[in-house]
Peer 1: 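This is the structure I want to talk about, given as structure tokens.
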Protein chains: 2
Amino acid sequence: MMRDSQDTWLPQPALDEIDIGQVLQALADPVRLQIVRLLAAAGEGSCTSLDVPVKRSTVSHHLRTLRESGVVATRLVGNTRLSRLRLAELEEHFPGLMTSILAATPRGRQLEVTHGR
Amino acid sequence: MMRDSQDTWLPQPALDEIDIGQVLQALADPVRLQIVRLLAAAGEGSCTSLDVPVKRSTVSHHLRTLRESGVVATRLVGNTRLSRLRLAELEEHFPGLMTSILAATPRGRQLEVTHGR
DNA sequence: TCTGTCATACGATGCTCATCGTACATGACG
DNA sequence: CGTCATGTACGATGAGCATCGTATGACAGA
């Protein structure tokens with residue numbers, strides 16, 4: 001596998017372009033919050049590797065939302081896309097934000113039967 | 001005016017009952033985020049004193065959401081209800097969370113023409 | 001008591017978006 | 001080349017909820 005510096009990354013907002021409002025909206029969704037926790041635990045993850053109770057296309061949509069808001073960064077390796085949290089950058093810009101969220105004990109009902117179809 | 005210890009307070013979740021997911025959902029709304037910033041600047045605020053581009057009944061709804069999620073505390077004084085941020089408590093439970101959010105520069109489009117009616 | 005202000009409750013409305021299924025593109029592997 | 005897996009794009013659908021107007025209750029002051 002190649003080094004990170006040689007990988008191709010999907011477009012993402014720069015540090016000073018990250019809007020705290022969009023970050024909060026991204027983290028407000030239960031499934032996305034669960035994805036964030038899984039990424040924090042596993043380091044990286046893809047659409048199929050993340051264990052969330054939604055279909056793959058929905059996970060892809062959530063990862064896109066997280067990336068466009070600046071929460072995760074995605075690099076292309078072969079046919080898969082590996083996403084990871086931008087923890088260091090976020091901690092620099094919003095000290096304590098992600099740390100407190102990840103440290104917080106997930107209270108009940110994290111995975112309900114949703115609507116959709 | 002009476003001392004805080006003698007005031008009547010609306011019911012609110014205890015510190016260890018606050019769910020980070022509900023807090024994030026509460027802060028995700030642009031109007032509520034603006035209310036939070038106004039409260040941080042003014043110390044306290046009521047439905048009519050807060051300068052937000054929505055009707056009074058909507059502000060009341062938002063303040064209720066913020067209170068039930070644990071972000072603000074509301075005390076009854078006379079005929080009005082004064083709400084304030086639970087900054088110290090939140091900082092204790094989620095260090096850096098509110099601090100980073102309040103310190104973040106509010107990027108564009110904070111007050112768009114919304115739907116509703 | 002009467003009036004005005006404050007806040008909430010309630011129902012209605014319609015936008016937002018989370019979700020899904022399907023189709024399609026791309027890369028890996030024979 | 002063909003086959004399979006991965007991920008995304010797209011359109012459709014429906015639940016959630018932000019918003020409003022109105023009605024209601026409570027308090028303050030004259």
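Labels below follow one simple rule: chain letters A, B, ... track the order of the sequence lines, proteins then strands, and each chain is numbered from 1. Fair warning: this is a prediction, and the values are worked out from it, not measured in the lab.
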Peer 1: Nearest whole angstrom, please: distance from the C1' of C:dC6 to the CG of B:Leu63.
Peer 2: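 Going from CG in B:Leu63 over to C1' in C:dC6 covers 13 Å.
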
Peer 1: Report yes if at least one side-chain N or O of B:His61 is closer than 4.0 Å to OP1 or OP2 of D:dA18; otherwise report no.
Peer 2: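 So the side chain of B:His61 is within the cut-off, an N or O lying under 4.0 Å from OP1 or OP2 of D:dA18.
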
Peer 1: Report the distance from atom CD1 of B:Ile35 to atom P of D:dA18, rounded to the nearest whole Å.
Peer 2: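 Between P of D:dA18 and CD1 of B:Ile35: 11 Å.
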
Peer 1: Starting at atom CD of A:Gln34, determine the distance to atom C1' of C:dA18, rounded to an integer number of angstrom.
Peer 2: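 Rounding to the nearest Å, CD of A:Gln34 and C1' of C:dA18 are 15 Å apart.
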
Peer 1: At under 4.0 Å, does any side-chain N or O of A:His62 touch on OP1 or OP2 of C:dT19?
Peer 2: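 For C:dT19, OP1/OP2 do have a side-chain N/O of A:His62 under 4.0 Å.
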
Peer 1: A:Leu76 CG to C:dA25 P: how many Å, rounded?
Peer 2: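 Whole-Å distance recorded here is 18 Å.
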
Peer 1: All N/O contacts under 3.5 Å from nucleotides 1-6 of chain D to the protein, with atom names and distances to one decimal?
Peer 2:
{"from": "D:dA5", "atom 1": "N3", "to": "A:Asn79", "atom 2": "ND2", "distance (Å)": "3.4"}

Peer 1: Quantified as the angle between the terminal helix axes (five pairs each), what is the overall bend of the helix from C:dT1-D:dA30 to C:dG30-D:dC1 to 10 degrees?
Peer 2: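 The angle separating the two end axes equals 30°.
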
Peer 1: Of the candidate nucleotides C:dT19, D:dT19, C:dG21, which contains the atom at the shortest distance from the side chain of B:Val31?
Peer 2: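 My answer, after comparing the listed nucleotides, is D:dT19.
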
Peer 1: Just compare C:dC17, C:dT19, D:dC20 and give me whichever is closest to any side-chain atom of A:Gln25.
Peer 2: C:dC17

Peer 1: Can you tell me how far P of D:dA18 sits from CG of B:Asp29, to the nearest Å?
Peer 2: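 After rounding, the gap between these two atoms is 5 Å.
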
Peer 1: Would you tell me whether B:Ser60 and B:Ser57 have side-chain atoms, one donor and one acceptor, within less than 3.5 Å of each other?
Peer 2: no

Peer 1: In whole Å, I'd like the distance from the CG atom of A:Leu50 to the P atom of D:dT8.
Peer 2: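 Those two atoms, CG and P, are 11 Å apart.
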
Peer 1: Think A:Thr58 has a side-chain N or O under 4.0 angstrom from the OP1 or OP2 of C:dC20?
Peer 2: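 So the side chain of A:Thr58 is within the cut-off, an N or O lying under 4.0 Å from OP1 or OP2 of C:dC20.
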
Peer 1: When the distance from CZ of A:Arg64 to P of C:dC17 is rounded to whole Å, what number comes out?
Peer 2: 14 Å

Peer 1: From the options D:dG7, C:dT19, D:dC20, select the nucleotide whose nearest atom is closest to the side chain of A:Ser60.
Peer 2: D:dG7

Peer 1: Go through C:dA18, D:dA18, D:dG21 for me and flag the one nearest to the A:Arg32 side chain.
Peer 2: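 Per side-chain heavy atoms of A:Arg32, the pick is C:dA18.
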
